[in-house]
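A quick write-up on the structure given underneath.
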Amino acid sequence: MLTYILRRLALALSVILATLVSAFLLFFAGPSDPAQAMCPETRCNAARLAAITKSIGLDKPLTVQFFDYFKGLFFGRDFVYAGDTVHCGAPCLGFSFVTRRSVNEELFTRFPNTIVLALMAAVVFVTVGVTLGIIAAVRRGSATDRGLVGASQVLGSIPYYVLALLVALYPVILWNVLPQYSSISAGVGPYFLGMLAPALILGFVTSASYVRYTRNSMIETLSMDYIRTARSKGISERTVLYKHGFRAAMSPIATILGLDIAALLTGTLITEQIFGVDGIGRRGLAALKAFDLPVIMGTVLIGAVVVVFMNLVVDIAYSFIDPRVRLS
């Protein structure tokens, strides 16, 4: 297990490094000029643009810029702006050309909101989707099975943003009971209550696919020889279903769950934008509109780290969920 983890860590680091190099070349070696975003159109001239370019180090060779960025990830970095030196602590993801703040401050202060939203939504779609999927598998071919599968297909066929907009535009659907989003400064209670509406709509929509995944996995597992053997030994149906069938059936679900959580943690962009949640996805969209390249690149790097880490967690957890799997 230790050898496997070390090998996967080495692979993960190589993926993150490749993402770093690719993102840096895409954003800073392209035809666009990042300094232009800091130069107001009404007062921008060649001399001012050259001064801004020099102050943020864009006049240096590309290799030197990359080394400074890479070194800042481990040791921090100093930026000079308007004659003042701004320190960015490790891991320094850069300096925003638009807001005049470090990318760390722009993203890390918002990332907890995305984490809370993603985890709350995950609790909803796992609980609802897996439970209904098991019920559909156990009652295979019945009206209950057909109703659950049909409802999940209908829900899954509707574009997510349409449902989210309906809830946001017609708050009577949820907000007669649940308040709108408010920051943590308003208090822990109002903060989590404000997260419920976006978490519920995101969770219920995502649960539609988990109903079908769980149903198909459970049906396949319950048809295995070892399940028939367990039943022939007189073991209770509850024990066969949950101890023998459910554990094996959850192996593919765990893989999908890990990837879905990673996708949510990299930015629930649509949900955050519609419901006004101040998360990393919404900030990344604002940076894209403002052409704020360092913030965009920081969002890409955070997303790469989250996806790689969740893949590693899923691979390790897979062997514990299903003892038939052996790491090689």
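We're numbering straight along the sequence, starting at 1.
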Problem set entry | Nearest non-hydrogen partners of G72 and R77, listed with the distance | CA-CB, 4.2 Å

For this session: Indicate yes or no: at least one non-hydrogen side-chain atom of L155 is less than 4.5 angstrom from one of L163.
Result: yes

Seminar exercise, completed: To the nearest 0.5 Å, atom CZ of R283 lies from atom CG of L288 at 11.0 Å

Problem set entry | Joint hydrophobic cluster, V21 plus L26, side-chain heavy atoms closer than 4.5 Å | yes

Problem set entry | For R231, all residues meeting salt bridge (Lys or Arg N to Asp or Glu O under 4.0 Å), sequence neighbours excluded | E237

Problem set entry | Linked, directly or transitively: V307 and V314 (ILVMFWY side chains, under 4.5 Å) | no

Problem set entry | Which atom of F95 lies closest to which atom of P294, heavy atoms considered | O-CG, 3.3 Å

Problem set entry | Side chain to side chain, L148 and R215, heavy atoms closer than 4.5 Å | no

Exercise. Stepwise, does the side chain to side chain contact (heavy atoms under 4.5 Å, CB included) test hold for L25 with L62?
Worked result: CA-CA 9 Å; L25 292 176; L62 191 62; 3.9 Å; yes

For this session: Please determine if D292 and R101 form a salt bridge, counting it only when a charged side-chain N lies under 4.0 Å from a carboxylate O.
Result: no

For this session: Examine distances only and state if a side-chain atom of S142 and a backbone atom of R139 form a donor-acceptor pair shorter than 3.5 Å.
Result: yes

Exercise. Backbone N or O of S96 within a donor-acceptor pair of the R100 side chain at under 3.5 Å?
Worked result: no

Seminar exercise, completed: Rounding to 0.5 Å, atoms CG (L312) and CE (M310) come to a distance of 10.0 Å

Problem set entry | Check: R146 side chain, G141 main-chain N or O, donor-acceptor pair, under 3.5 Å | yes

Exercise. Are the side chains of F111 and I302 in touch, meaning some heavy atoms are under 4.5 Å apart?
Worked result: yes

For this session: Tell me yes or no: between the side chains of S236 and T239, is some donor less than 3.5 Å from an acceptor?
Result: yes

Exercise. Are V313 and V15 connected, step by step, through hydrophobic side chains (Ile, Leu, Val, Met, Phe, Trp, Tyr) whose heavy atoms are closer than 4.5 Å?
Worked result: no

Exercise. Hey, does the side chain of Q65 reach the backbone of K60 with a donor-acceptor pair shorter than 3.5 angstrom?
Worked result: yes

Exercise. Taking C-beta and beyond as the side chain, do K289 and L285 meet within less than 4.5 Å on heavy atoms?
Worked result: yes

Exercise. Short question: side chain of R228, backbone of S223 - any donor-acceptor pair under 3.5 Å?
Worked result: yes

For this session: Kindly indicate whether the side chain of V126, heavy atoms from C-beta on, has any atom under 4.5 Å from the side chain of L257.
Result: yes

For this session: Report whether M297 and I16 are members of the same hydrophobic cluster (ILVMFWY, side-chain heavy atoms less than 4.5 Å apart, transitive linking).
Result: no

Exercise. What distance separates I219 CD1 from I134 CD1, expressed to the nearest 0.5 Å?
Worked result: 12.0 Å

Exercise. Is there a donor-acceptor pair under 3.5 Å between the side chain of E272 and the backbone N or O of G281?
Worked result: yes

For this session: Give, for atom CG of L20 and atom CG of L93, the distance between the pair rounded to the nearest 0.5 Å.
Result: 10.0 Å

Exercise. Do M195 and N113 have side-chain heavy atoms sitting under 4.5 Å apart?
Worked result: yes

Exercise. Quick check: are there more than 12 heavy atoms from other residues, nucleotides or ligands sitting under 6.0 Å from CD of E220?
Worked result: no

For this session: Start with the C-alpha distance between R238 and L241, add both sets of side-chain angles, then the distance that settles side chain to side chain contact (heavy atoms under 4.5 Å, CB included), and finish with yes or no.
Result: CA-CA 5 Å; R238 179 182 295 271; L241 182 62; 5.8 Å; no

Problem set entry | Sub-6.0 Å ring centroid separation between F125 and Y210 | yes

Problem set entry | Heavy-atom side-chain contact between T221 and Y226 under 4.5 Å | yes

Exercise. Closest heavy-atom contact between A199 and L117?
Worked result: N-CD1, 3.7 Å

Exercise. Quick one: does V188's side chain get under 4.5 Å of I184's, heavy atoms only?
Worked result: yes

Exercise. Would a hydrophobic clustering, with Ile, Leu, Val, Met, Phe, Trp and Tyr connected at side-chain separations under 4.5 Å, put F74 with V305?
Worked result: no

Exercise. If every non-hydrogen atom of S14 is compared with every non-hydrogen atom of L11, which pair is closest and at what distance?
Worked result: OG-O, 2.5 Å

Exercise. Roughly how far, to the nearest 0.5 Å, is CG of L165 from CD1 of I274?
Worked result: 4.0 Å

Seminar exercise, completed: Closest heavy-atom pair, L73 versus A90, reported as atoms and distance to 0.1 Å, is O-CB, 3.9 Å

For this session: May I ask you to decide if V154's main-chain N or O and S157's side chain share a donor-acceptor pair within less than 3.5 Å?
Result: yes

Problem set entry | Any side-chain donor near an acceptor of the partner, D278 and Y181, under 3.5 Å | no

For this session: Mind listing the closest non-hydrogen atom pair of A118 and L264 along with its distance?
Result: CB-CB, 3.6 Å

Exercise. N104 side chain to C88 main-chain N or O, any donor-acceptor pair under 3.5 Å?
Worked result: no

Exercise. In chain order, what residues pass the side-chain hydrogen bond (donor to acceptor under 3.5 Å, both in side chains) check against R212, with sequence neighbours excluded?
Worked result: none

For this session: Output the distance between atom OG (S152) and atom OH (Y213), rounded to the nearest 0.5 Å.
Result: 11.0 Å

Exercise. Just checking, is any N or O donor in the side chain of Y160 or T206 under 3.5 Å from an acceptor N or O on the other one?
Worked result: no

